[in-house]
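Before any comments, here is the structure.
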Amino acid sequence: MAQDPPKIYVTRQLPEAALAPLRTCGTLSVWESEQAVSRETLLSELRDTVALLSMVTERIDDDLLDHAPQLRIVANMAVGYDNVDVPALTRHNIVLTNTPGVLTETTADLTFALMLGIARRIGEGERRVRAGQWPVWSPFVFLGTDIHHATLGIIGLGRIGAAVARRAQGFDMRVLYHNRGRNKEAEEQLGCTWVEMDTLLSESDFVVVLVPLGPETRQLISTPQLKKMKQTAFLVNAARGPIVDAQALYAALRDKVIAGAALDVTDPEPLPADDLLLTLDNCLVVPHVGSASIATRTRMATLAAENIAAFLSGRRPPTPVNPEVL
Ligand code: GLV
C-alpha cells in the first residue's frame, strides 16, 4: 500500500520560491499569518507532522515533542537556535537544521547601523525632527561620538563578527575580540587582536555582543561588566536579548555608567512600550531585524526548505545542527 505523503508544517508565510520545492516532497500546510502561531494550534498541527519549518518565536521543547510522534526534522529559519532544546531533539532522533552563512552580511550591516545610530544619535535626532523640535544649528548641538579610529570590541567573533570586523577596517577602527578559542583567520586577515574579556570591556569604545545564547552566556553582560566599560563607551547587542541583564543595563544607562546602548534584541521580546529602557534617549532599540532584508530572508527560507527537501528525499540536509542523528 502506498504511504501518505509526509506532512510539512511551516509556521509562517514564506516566499513561494522557497516553498515550491516542498510541494513536491510532501503535503504542505502553512500558518497563513504574520502573527506567531499559537502554541495550541502548533501542538495540534504537529500530531501528524513529519517536517517542521519553524521560526525563532516557536519554543521547541520536550512538551512539544510529546505532541509530535511523527516528527523527524525541524528546520529552524535562523542561525541561532536557543528556542530549541537540541538534546531533546537528539534524544527523539529528530534532526535540527539552521540557516548559517546566508544572513552574515545583512546582520553585520545592521550591527554597524546600530553602532552608527547610537554614536551619532540618529534615533534621538529623528524623534526630535518628527516632534517639531528641530534644534537650531549650533556648534554644540547634537554632538555625537566618532566611530572612525575608535576601538571596537567584539565578544564572539564568528562569521558575523568577522563581517563586522571587515566593515570596521573601512572606518580605520582598532578591533579587539574575545572568544573562548582564537580566531586565527580573523587575526591574520582582519588584524583583530584577541584579549581577555576585562581588557575588551575596559579598552573598547564599542562593545558588540555576538555570542549565541546558552547557559554560559545568559546575562554575560551585567553590572560588573558594564562598570568595567568606559563611561564614553557604547554597548551593542545584535545576538540575543538575555545575554544582557536588562535591569543592569537600564541602571547603567540612566546613571551614565556607559554612554549608550543599541539593541536589536531585548529581554523580553517584544519589548513592552512602557519598558523603562524606552524612556532613555541613550538607548536605541529596533525589533530584532538583524537579518531582515528581502534577499536575505528569501535565502534563509530557501535554505530551511532545502534542508527539509533533502531530508525527505533521503539526502543529507545541508546545514544540520545535530548531525549525529543522521
Ligand atoms: C536571528 O536572530 C537568527 O538567529 O537568525
Side-chain angles (χ1 to χ4, degrees), residues 10-15 18-19 31 34-37 52-61 73-86 89 95-115 117 154-164 167 179 208-221 235-244 246 261-271 284-308 317-322:
V10 179
T11 65
R12 215 71 104 251
Q13 286 181 308
L14 294 178
L19 290 180
W31 173 249
E34 281 297 298
Q35 298 303 316
V37 61
L52 171 66
L53 198 161
S54 57
M55 311 291 133
V56 288
T57 43
E58 278 82 62
R59 192 164 35 82
I60 316 280
D61 54 13
I73 177 166
V74 174
N76 205 41
M77 194 180 122
V79 65
Y81 43 85
D82 47 284
N83 58 312
V84 181
D85 180 343
V86 184
L89 254 70
V95 189
L96 171 67
T97 65
N98 67 341
T99 60
V102 291
L103 47 70
T104 301
E105 300 299 330
T106 300
T107 308
D109 282 352
L110 194 272
T111 306
F112 235 85
L114 291 173
M115 288 165 55
I154 301 175
I155 304 176
L157 186 76
R159 267 184 291 252
I160 298 171
V164 171
R167 283 158 180 73
N179 280 9
V208 172
V209 178
L210 282 168
V211 280
L213 174 63
E216 63 298 338
T217 58
R218 190 170 285 275
Q219 304 223 331
L220 180 72
I221 304 293
L235 178 73
V236 174
N237 188 359
R240 286 292 184 268
I243 296 167
V244 176
L263 313 173
D264 180 38
V265 286
T266 56
D267 184 22
E269 248 172 60
L271 193 65
L284 172 66
V285 185
V286 294
H288 201 148
V289 291
S291 63
S293 76
I294 295 170
T296 290
R297 284 287 164 81
T298 302
R299 278 194 291 265
M300 290 165 71
T302 303
L303 178 54
E306 271 170 19
N307 272 298
I308 290 179
T319 51
V321 171
N322 56 348

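All values below were derived from every heavy atom in this structure, side-chain atoms included, with hydrogens, water molecules and symmetry-related copies excluded. Both ligands and their constituent atoms are indexed starting at 1 by order of listing.
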Checklist entry - Does Ser291 reach ligand 1 with a nitrogen or oxygen that is under 3.5 Å from one of the ligand's nitrogen or oxygen atoms? => result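 For ligand 1, there is no N or O atom that lies under 3.5 Å from one belonging to Ser291.
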Next on the checklist: Pairs of nitrogen or oxygen atoms closer than 3.5 Å, one from Ala239 and one from ligand 1: do any exist?
Outcome noted: no
Next on the checklist: Can you confirm whether the side chains of Thr97 and Asn76 place a donor and an acceptor under 3.5 Å from each other?
Outcome noted: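 Absent: no donor and acceptor within the cut-off.
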Next on the checklist: Can a side-chain donor-acceptor contact be found between Arg299 and Thr296 if the only test is distance below 3.5 angstrom?
Outcome noted: yes
Checklist entry - Between Leu103 and ligand 1, which part of the residue brings a heavy atom under 4.0 Å of the ligand: side chain, backbone, both or neither? => result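 Just the side chain.
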Which atoms from ligand 1 have a heavy atom of [X] less than 4.0 Å away?
X	answer
Arg240	1 (C), 2 (O), 3 (C), 4 (O)
Ala78	3 (C), 4 (O), 5 (O)
His288	1 (C), 2 (O)

Checklist entry - Are Arg240 and Asp267 within salt-bridge range, i.e. N to O under 4.0 Å? => result no
Checklist entry - Does a side-chain N-to-carboxylate-O contact under 4.0 Å join Arg167 and Glu105? => result yes
Item to check | Donor-acceptor pair, side chain of Thr266 and main chain of Gly241, under 3.5 angstrom | outcome: no
Checklist entry - What is the nearest protein non-hydrogen atom to atom 5 (O) of ligand 1, stated with its residue, atom name and distance? => result Val79 N, 2.8 Å
Checklist entry - Around atom CD of Gln35, are there more than 12 heavy atoms of other residues, nucleotides or ligands at under 6.0 Å? => result no
